[in-house]
Amino acid sequence: MLMTNENVKLYWHDRLLAATLVKLLPRDLHPNHLTILRVILTPCVLYYLWLEAWEIVLPLFLFAAFTDMVDGSLARVRKQITMWGTIADPAADKFLIGSVVVLFVAKEVNSVFAAVIVIIELLIIIAGVIRHRRGHLVSANWYGKLKMLFQVIGVTALLIAKLSGLNLFVPFSVGTFSLAIVFAVMSLLTYGL
């Protein structure tokens with residue numbers, strides 16, 4: 001079911017952010033502004049990945065990923081859910097994660113592993129487009145949220161490995177990406193089809 005401003009359901013992290021960060025954000029900052037910011041930050045993340053400037057790309061990537069959590073909570077807490085945001089937010093997530101996976105994970109972990117992640121993301125997009133054309137719009141589900149969380153943790157662990165030179169973060173990253181793949185398949189089966 002599509003979440004709208006009339007049937008908003010707050011999650012536990014929405015309540016936490018509402019009591020803390022959302023109070024500090026200006027009223028004229030809208031969730032869609034954060035989605036656009038994430039899209040703008042993605043090429044910057046890729047540029048610093050390409051330069052292997054790990055000390056810059058790690059906080060930049062984390063900030064870009066953090067805007068995903070904040071824009072969703074902001075939309076639900078302030079009842080600023082828009083149709084554009086419902087479509088653009090997951091697209092911005094896939095743009096950020098997908099491009100980092102292609103540029104970074106394929107090189108640092110395994111190109112086949114990265115291809116699996118990207119293919120599942122593409123299948124979710126295709127299934128979402130098909131549902132949209134049939135007139136069925138669905139809000140993101142917990143499987144998708146957990147998928148994104150594990151993808152962010154996986155990329156972060158790889159970035160920490162590169163920054164610190166400690167390869168022990170690489171197997172941790174592979175494990176979190178594996179969990180992300182499981183949740184991506186579950187998201188595809190429950191949301192996309």
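Throughout, numbering of the chain's residues begins at 1 and tracks the sequence. Everything numeric in this text was worked out from a predicted model, so none of it was measured.
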ask   = Rounded to the nearest 0.5 Å, how far does CG of Leu158 lie from CZ of Phe61?
value = 10.0 Å
task = Establish whether Ile36 and Met69 are linked, either directly or via other cluster members, by ILVMFWY side-chain heavy-atom contacts under 4.5 Å.
result = no
Flag, side chain of Thr176 to backbone of Ser173, donor-acceptor distance under 3.5 Å = yes
task = Would you confirm whether Thr86, through its side chain, and Thr82, through its main-chain N or O, come within 3.5 Å as a donor-acceptor pair?
result = yes
query = Does CZ belonging to Phe113 count more than 12 external heavy atoms closer than 6.0 Å?
reply = yes
task = Given side chain to side chain contact (heavy atoms under 4.5 Å, CB included), test Asp71 with Asn32 step by step and report yes or no.
result = CA-CA 7 Å; Asp71 68 1; Asn32 292 342; over 6 Å; no
message = Could you report the tightest heavy-atom contact between Ala18 and Val22, atom names first, then the distance?
response = CA-CB, 3.9 Å
key: Lys147 bridged to Glu121 by N-O distance under 4.0 Å   = yes
query = Between Phe172 and Ala157, what is the shortest heavy-atom contact and its length?
reply = CD2-CB, 3.7 Å
ask   = Does Ile119 share a hydrophobic cluster with Val102, counting links as ILVMFWY side-chain heavy atoms below 4.5 Å and allowing steps through other members?
value = yes
task = Take Ile120 and Val185 through the side chain to side chain contact (heavy atoms under 4.5 Å, CB included) test and state the conclusion after the steps.
result = CA-CA 7 Å; Ile120 292 172; Val185 169; 3.8 Å; yes
request  = Taking all heavy atoms of Val70 and all of Leu25, pick out the closest pair and write down the distance.
outcome  = CG1-CD1, 3.9 Å
Contact summary for Ile117 and Gln151, nearest pair of heavy atoms = CG2-NE2, 3.9 Å
ask   = How far apart are the C-alpha atoms of Phe183 and Trp142, what are their side-chain angles, what is the distance that settles it, and do they pass the side chain to side chain contact (heavy atoms under 4.5 Å, CB included) test?
value = CA-CA 9 Å; Phe183 285 111; Trp142 270 104; over 6 Å; no
task = Sequence neighbours left out, what pairs pass ring-ring contact (aromatic ring centres under 6.0 Å, His included) with at least one residue falling in residues 79-106?
result = Trp54-Phe104
task = Report the C-alpha separation of Arg27 and Arg78 in whole Å, then their side-chain angles, then the decisive distance to 0.1 Å, and conclude whether the side chain to side chain contact (heavy atoms under 4.5 Å, CB included) test is met.
result = CA-CA 9 Å; Arg27 294 298 284 166; Arg78 291 186 178 171; 2.9 Å; yes
message = Tell me which pairs pass side chain to side chain donor-acceptor pair (under 3.5 Å) where either residue lies in residues 100-113, with sequence neighbours left out.
response = Glu52-Lys107, Glu108-Lys162
message = Does the plane of the ring in Trp50 sit parallel, tilted or perpendicular to the ring in Tyr47? Use 30° and 60° as the thresholds.
response = tilted
remark   = Taken to the nearest 0.5 Å, the spacing of Leu188 CG from Ile181 CD1 works out to 13.0 Å
inquiry  = So that I can tick it off, tell me whether Asp14 and Lys9 are bridged by a salt bridge, with the cut-off set at under 4.0 angstrom between side-chain N and carboxylate O.
reply    = no
key: Ring centre gap for Phe150 and Phe177 strictly below 6.0 Å   = no
